[in-house]
Amino acid sequence: MTVEASRQAGGTEGTDLVALLKEAGLAALVALGLGISIIGIRTVTIPGGLGLEYRWDWVVIAVVSVFVGRFVLALRRETRSPAKRAEREVVMNRIGATVQRVSKIAGPVLVVIAIALPWMPFSNRYIVDIATLVLMYIMLGWGLNIVVGLAGLLDLGYVAFYAVGAYSYALIAVHFDLSFWLCLPLAGLFAATFGVLLGFPVLRLRGDYLAIVTLGFGEIIRVVLLNWYEFTRGPDGISGIPRPSFFGLPFSRRVQEGEQSFHTFFGLDYSSMHRIMFLYYLILVLALITNFFTMRIRKLPVGRAWEALREDEIACRSLGINPTNTKLTAFAIGAMFGGFAGSFFATRQGFISPESFTFVESAVILAIVVLGGMGSQIGVVIAAVLLIGGTELFRELEQFRMLAFGGAMVLIMVWRPRGLLAHRDPTLRLSAGGQNAGAKGGAS
Amino acid sequence: MSLAEAETQSRDVHDKTVPSGARPLLTVDHLTMRFGGLVAVNDVSFAAGDAEITAIIGPNGAGKTTLFNCLTGFYKPTVGRLTLDSSGRQHFLERMDDFRISQKAHVGRTFQNIRLFPAMSVLENLMVAQHNALMRASGYSVLGLLGIGGYRKAEREAVDWARYWLEQVDLVDRADDNAGDLPYGAQRRLEIARAMCSRPVLLCLDEPAAGLNPRESAELNALLLYIKEKHQIGLLLIEHDMSVVMEISDHIVVLDYGRKISDGTPAFVRGDPTVIRAYLGEEEDDEIPPEVVADLAPVLAGTKPDPSDGEGR
């Protein structure tokens, strides 16, 4: 409100310093109002209970920086011509198109780098672990990209399918003692079923309404997992989830009589890195399958129908496309990949509880898709590396980590509202004869 | 002229014959559409002939677009029967979901405010129109994903069909551009091409000439006549531009306040006093003098004077 008011005050004349100062002052006032309670007062544990700690100096720093920042921003806005803005937009779009073109070559290169990563001299357990985490989010991002980026269905409860996948893997593996490779498709199937079950009643909704309902569904799943103690062991979670084996060879130090483990079979010394690397390659393969699938289905009629539905549902109806079925397939396929990622998560952690499936997870995955540029596969990779890898890098910042995260999001939304790489290539072309051979898969 | 004489005979409001005697493709029976207390379409009956251009005209708010929306399933009519009779099969459109009308009964349509897929390329727009055939060819995506079956061939054929329509609407050069980047007139043509790509037996066009300049309008006339002659399908047309309506239609239905007030050949409708009254408002004097009608006829007929004016009255 204040921003609007101040814009009106400053917007009429060229560079009216008073108006600019007034605008900056208003922003500083808002910062002061928020800062007093959020930054200024802090609860600390003192002997005998909770006490308050006052940090007025911090409030002053915050208010002054907001004042200066707003002033500089307003000054820039006043002195900068709109033509320049449009020019920048064009330049950024060209960069997006270039990256898209380069990604055809860079994709395989990235895959090679990803394969070679654990063997690099600098790599250690920590790096491979983070890379595994990043790949998990890349896979989730690619899965959600089908729903949000291609079909245009804003899903705020994607983590529900992730949870369904994780719990179905954990429960099946613990109770029925089936192998990972059998449980993985089952978990995907369960998640897809949940996608259809949820999708059926809610897909008549659009936009914000759909987003709210999916958000609610995500929470419902979490609350059920938390409270259905007999089935899911509630907040205690499920522990002792079997680790994946290398085609039947477990990655364990101790070997039972008459059996072999990975290191004895290959005559290696036992190393805990074996399992870490195996998990890394596992998620790499899963993520690449997701990508390959998406690239391919985008060029099939159903993929084009998803994008058409995103563009104009009424026109789709007039062309004989069944909107419900088409959306349901998008929902189910997106959910299926969420389920795969969930079962990988369960087998990697060995322990799952409802704690891992909060709304924040959904928000992070959605942020990856939106920041990367909706529908852009390589954008998801970049955004996941920045978001997940970045937050890991900024671990030293401790409590300011989320602040940096939020700041980066705001900056990207200001500069690239449509995401980092919001560039779309047609799925087939009329010119350049060879290119219209449709179902061509591509890596990354 | 015997034809001109026949045209002067007044036709019953519920007359459902096609003036040229062609086989009726679409028959509308007592169609009524109410929105609460508002009756947008009131007991309208008419028939549209196969391989003919039938125009629906009328002042603003006469219920033309509502009629279209009933035909294409976007509204469910309150009362009435809509029968599409194509190649020996009858489809009752009022019972079908909107997407099934295109899928099963093969009724295509365009929209008053253009509805393309703006972020998709022109060619992709035309491919989406062939969705159902391509879905079958790709084994409902399963075979297509695995790369087996005849999907590649089907896709090539679909591209050829799309190319054919791009040639007809003169958009081959822009096939790989985003549909949203096309100029207005080209978007209108693309929408028609897209509807034709779905291989309809009846094409419903909602104000295709709106916002077109005279040259584009003439091109549109040629395109619609080409579609009628070459592809032998029925066209149903809502239009305000009388130069388009009078020049190309075989049959005109006039609506006013949701009712059908006139129905017949262009020459007949042009001279029908009820039509002139509906367009120009009620006069104090109920009877409009014949000289005035004769003077107004060129206005109704568009700018082009027509020698048959005097006889048509």
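Lettering follows sequence order; numbering is per chain, from 1. Values reported hereafter were calculated over all heavy atoms of this structure, with side chains retained and with hydrogens, waters and symmetry mates removed.
The CZ atom of B:Arg115 lies 12.0 Å from the CG atom of A:Leu319; values are rounded to the nearest 0.5 Å. To the nearest 0.5 angstrom, A:Ile314 atom CD1 is 9.0 Å from B:Asn113 atom CG. The OG atom of A:Ser318 sits 11.0 Å away from the CG atom of B:Asn69 when rounded to the nearest 0.5 Å. Atom-to-atom distance recorded for A:Lys299:NZ and B:Met127:CE is 12.5 Å, nearest 0.5 angstrom. To the nearest 0.5 Å, atoms CG (A:Asn322) and CG (B:Asn132) are separated by 8.5 Å.
Neither the backbone nor the side chain of B:Ile101 comes within less than 4.5 Å of any heavy atom of chain A. With a 4.5 Å cut-off on non-hydrogen atoms, B:Val172 touches chain A through its backbone and its side chain both.
Of all heavy-atom pairs between B:Met120 and A:Arg304, the closest is CE-O, 3.6 Å. In plain terms, the two heavy atoms of B:Pro118 and A:Glu311 that are nearest each other are CD-OE1, 3.2 Å. In plain terms, the two heavy atoms of A:Ala315 and B:Phe111 that are nearest each other are CA-CE1, 4.1 Å.
Contact annotation: the side chain of A:Glu307 never approaches that of B:Val128 to less than 4.5 Å [non-hydrogen atoms, C-beta and beyond]. Annotation: side chain of B:Phe117 is not in contact with side chain of A:Arg310 (no heavy-atom distance under 4.5 Å). Residues B:Phe99 and A:Cys316 form no side-chain contact, since every pair of their non-hydrogen atoms from C-beta on lies 4.5 Å or further apart. Between A:Leu428 and B:Glu155, the closest side-chain pair of non-hydrogen atoms falls below 4.5 Å.
Highest contact tally toward chain A, considering only B:Lys104, B:Gln103, B:Gln130, B:Arg100, is held by B:Gln103 [criterion: heavy-atom pairs under 4.5 Å]. Ranked by heavy-atom pairs under 4.5 Å with chain A, the list B:Arg194, B:Glu191, B:His106 is led by B:Arg194. The greatest number of non-hydrogen atom pairs below 4.5 Å with chain A, out of B:Ala129, B:Ser198, B:Ala162, is found for B:Ala129.
A:Phe200 CZ: 12 or fewer foreign heavy atoms inside a 6.0 Å radius. Heavy atoms from other residues, nucleotides or ligands lying under 6.0 Å from CZ of B:Phe92 number more than 12. More than 12 heavy atoms of other shown residues, nucleotides or ligands fall within 6.0 angstrom of atom CZ in B:Phe68.
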| request: Output, in order, the C-alpha distance, side-chain angles, deciding distance and verdict of side-chain contact (heavy atoms from CB on, under 4.5 Å) for A:Arg429 and B:Leu123. | output: CA-CA 7 Å; A:Arg429 289 174 184 279; B:Leu123 181 63; 5.7 Å; no
